[in-house]
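If you read the sequence from its start, that first residue is 1, and numbering goes on from there.
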Amino acid sequence: MFGEFEEMVLYHAILIKIMLGLVLIGMIIPFMEKVCSKTIRRMRIYMFFSHGLLSMIAFTGMIALVFAQMPLNLSMILMIVAFFALISLAIIKYRKMLNTRNKKEICKRDMRVLAVQYGLIEIGIIMSLVISKIME
């Protein structure tokens, strides 16, 4: 059977893959609805799931760190910084989407652009960390 460290790393990897799928879903949400208020409600639900999943990813990473009794190194510090960056990006994206609802005529276009831009940034952050860990 697995050891504790290998099992937690497996859970961590699965959660990261689920997070990538969730980011893709978050990019699609503004394209599904024509009314901005409904899109904002859906993005609020997406943000709750996103924050919860990011917290689970961070927790499994910390547990794996404790099981392996590893000292804190540069790649772990980068993961912690990426965690806070992803949380901040989600909040900034949602706040900007809330500001677009005041502009009725360009609300849909702005929401779609914001969702795709910030979604690609989030995917870039996650994939850069995954690739850096693979290269180690």
Side-chain angles (χ1 to χ4, degrees):
M1 191 73 188
F2 289 123
E4 290 90 6
F5 178 71
E6 291 85 12
E7 191 173 350
M8 288 310 294
V9 169
L10 176 69
Y11 295 150
H12 191 70
I14 290 170
L15 288 172
I16 289 173
K17 291 172 185 160
I18 293 171
M19 183 65 195
L20 285 172
L22 187 66
V23 170
L24 289 175
I25 290 171
M27 289 171 58
I28 295 172
I29 289 173
F31 292 95
M32 295 171 54
E33 188 62 50
K34 294 182 181 181
V35 180
C36 288
S37 61
K38 288 184 180 180
T39 302
I40 289 173
R41 272 190 247 128
R42 289 180 180 171
M43 288 305 290
R44 184 178 301 140
I45 294 169
Y46 158 76
M47 191 174 75
F48 292 148
F49 279 107
S50 173
H51 284 273
L53 192 58
L54 280 172
S55 298
M56 287 191 302
I57 290 170
F59 183 72
T60 57
M62 288 180 1
I63 295 299
L65 174 79
V66 169
F67 280 145
Q69 297 176 350
M70 298 170 67
L72 195 64
N73 59 19
L74 182 63
S75 68
M76 290 176 204
I77 293 171
L78 287 176
M79 287 183 215
I80 293 168
V81 169
F83 168 75
F84 287 114
L86 288 170
I87 294 287
S88 300
L89 280 173
I91 293 169
I92 291 169
K93 176 175 68 171
Y94 183 70
R95 296 289 292 177
K96 284 188 176 184
M97 285 185 172
L98 282 177
N99 290 336
T100 61
R101 73 177 169 195
N102 297 334
K103 308 173 213 167
K104 298 287 184 196
E105 61 277 353
I106 58 172
C107 178
K108 291 185 295 192
R109 181 180 54 93
D110 284 353
M111 280 199 187
R112 291 174 180 171
V113 168
L114 285 171
V116 171
Q117 282 177 344
Y118 282 97
L120 290 175
I121 292 170
E122 290 172 355
I123 289 173
I125 290 172
I126 294 169
M127 289 309 296
S128 65
L129 283 173
V130 169
I131 291 170
S132 72
K133 287 305 285 182
I134 290 172
M135 297 304 251
E136 272 187 4

Apart from Ile131 itself, which Ile, Leu, Val, Met, Phe, Trp or Tyr residues share its cluster (side-chain heavy atoms under 4.5 Å, direct or through members)? Met135
Do other residues, nucleotides or ligands put more than 12 heavy atoms under 6.0 Å from the NZ atom of Lys38? no
Rounded to the nearest 0.5 Å, how far apart are CZ of Arg41 and CD of Glu33? 9.0 Å
Rounded distance [0.5 Å steps], NZ in Lys133 versus CG in Leu78: 9.5 Å
Would Met79 and Ile63 show up in the same hydrophobic cluster when neighbours are defined by side-chain heavy atoms closer than 4.5 Å? no
Are Met27 and Ile91 in one and the same hydrophobic cluster, where Ile, Leu, Val, Met, Phe, Trp and Tyr link if side-chain heavy atoms are under 4.5 Å apart? yes
Which atom names give the shortest non-hydrogen contact between Val9 and Ala64, and what distance separates them? CG2-CB, 4.2 Å
Spatial distance of atom CE (Met62) from atom CG (Leu65) [nearest 0.5 Å]: 8.5 Å
Heavy-atom check, side chain of Gln117 versus side chain of Lys93, under 4.5 Å: no
Report yes or no: do Leu20 and Ile121 belong to one cluster of Ile/Leu/Val/Met/Phe/Trp/Tyr joined by side chain heavy-atom distances under 4.5 Å? yes
Roughly how far, to the nearest 0.5 Å, is CE of Met47 from CD1 of Ile40? 11.5 Å
With sequence neighbours left out, the residues meeting side chain to side chain donor-acceptor pair (under 3.5 Å) with Lys17 are none
hydrophobic_cluster_shared for Leu24 and Leu15, side chain cutoff 4.5 Å: yes
Would you say Phe31 has more than 12 foreign heavy atoms packed within less than 6.0 Å of its CZ? yes
Taken to the nearest 0.5 Å, the spacing of Met111 CE from Cys36 SG works out to 4.5 Å
Under 4.5 Å between side-chain heavy atoms, hopping through other hydrophobics if needed: is there a path connecting Met43 to Ile123? yes
Quick one: does Tyr46's side chain get under 4.5 Å of Leu22's, heavy atoms only? yes
When you compare the side chain of Leu10 with that of Ile14, does any pair of heavy atoms fall below 4.5 Å? yes
Side chains of Ile18 and Ile57 in contact at under 4.5 Å (non-hydrogen atoms): no
For a 4.5 angstrom cut-off between non-hydrogen side-chain atoms, does Arg42 reach Pro30? no
Evaluate Glu122 against Tyr118 for side chain to side chain donor-acceptor pair (under 3.5 Å), listing each step before the verdict. CA-CA 6 Å; Glu122 290 172 355; Tyr118 282 97; over 6 Å; no
Is it true that, when you exclude Tyr11 itself, more than 12 heavy atoms of the residues, nucleotides or ligands shown sit nearer than 6.0 Å to its OH? no
Distance, nearest 0.5 Å, that separates CG of Leu86 from CD1 of Ile125: 5.0 Å
